[in-house]
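Here's the structure we're looking at; comments come further down.
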Amino acid sequence: MKKVIKGFSKFPESSQEEIYALYQEGELARATFPFQGEIADGLIFDDEAEEITYLIPVSTIKASKFSSADDDDDDDNDDADPDDDIDVGEDAEDAEDAGDEE
């Protein structure tokens, strides 16, 4: 599965609603990953239809219209650009599978 770091606002609104609901319910796994030169706290969202695992910085979710002011905390990077996507490539298993197809 391909892995992509993607700001929350870059998703279609229907996906944002789904992701935000899962975030509020605590259903998404958490991870830390490099984002804009810092280590970001984020969520892992698997899009089975597109076969992509998205890493979504929590700061981009909290900066969205779905988030309320009481969900904000001081350890976020409020300067992060929520519209940045970073393709982090394929995981090791997918890379090995791609090599077998030659």
Side-chain angles (χ1 to χ4, degrees):
M1 216 178 230
K2 184 176 179 180
K3 293 181 183 171
V4 175
I5 297 173
K6 187 170 186 174
F8 184 72
S9 65
K10 297 283 278 194
F11 288 92
E13 190 164 337
S14 60
S15 294
Q16 287 181 20
E17 291 173 4
E18 176 186 4
I19 293 166
Y20 192 77
L22 292 169
Y23 164 65
Q24 287 294 97
E25 294 167 9
E27 296 294 319
L28 298 174
R30 297 185 77 98
T32 55
F33 46 86
F35 181 67
Q36 296 183 333
E38 296 184 19
I39 300 298
D41 181 34
L43 305 171
I44 301 170
F45 176 69
D46 289 320
D47 187 333
E48 301 290 331
E50 292 185 31
E51 295 185 4
I52 298 175
T53 296
Y54 290 104
L55 304 175
I56 307 167
V58 171
S59 63
T60 66
I61 295 172
K62 291 182 178 182
S64 76
K65 67 180 182 178
F66 289 95
S67 182
S68 63
D70 62 4
D71 191 27
D72 201 14
D73 61 33
D74 292 335
D75 40 305
D76 291 337
N77 178 5
D78 294 331
D79 297 331
D81 183 354
D83 293 332
D84 285 347
D85 286 16
I86 301 170
D87 185 349
V88 293
E90 300 175 350
D91 60 24
E93 184 178 303
D94 287 343
E96 289 174 12
D97 291 345
D100 294 340
E101 294 176 7
E102 293 178 10

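Side chains are part of it too, since the values below use all heavy atoms of this structure and drop only hydrogens, waters and symmetry mates.
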- D46: salt bridge (charged side-chain N to carboxylate O under 4.0 Å, His left out) partners, not counting sequence neighbours: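 Result, salt bridge (charged side-chain N to carboxylate O under 4.0 Å, His left out) vs D46: none returned.
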- Message: Run the salt bridge (charged side-chain N to carboxylate O under 4.0 Å, His left out) test against E13 and tell me which residues pass, sequence neighbours left out.
- Response: K65
[Y] side chain reached by [X] side chain, heavy atoms, under 4.5 Å:
| X | Y | result |
| --- | --- | --- |
| L55 | L43 | no |
| K62 | Y23 | yes |
| R30 | V58 | yes |
| I44 | L28 | no |
| F33 | D41 | no |

- Message: Other residues, nucleotides and ligands only: do more than 12 of their heavy atoms fall within 6.0 Å of CD on E51?
- Response: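 Counting other residues, nucleotides and ligands, CD of E51 stays at 12 neighbours or fewer.
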- Item | Backbone of K3 reached by a side-chain donor or acceptor of T53 within 3.5 Å | no
- To the nearest 0.5 Å, what is the distance between OH (Y54) and CD1 (I19)? 8.5 Å
- With rounding to the nearest 0.5 Å, note down the distance linking OG in S59 to CZ in F35.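 Rounded to the nearest 0.5 Å, the OG-CZ separation comes to 6.0 Å.
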- For K6 and P57, work out which heavy atoms get closest and say how close. O-CD, 3.6 Å
- Message: In terms of relative ring orientation, are F11 and F45 parallel, tilted or perpendicular, with 30° and 60° separating the classes?
- Response: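 Rings of F11 and F45: perpendicular, as their planes differ by over 60°.
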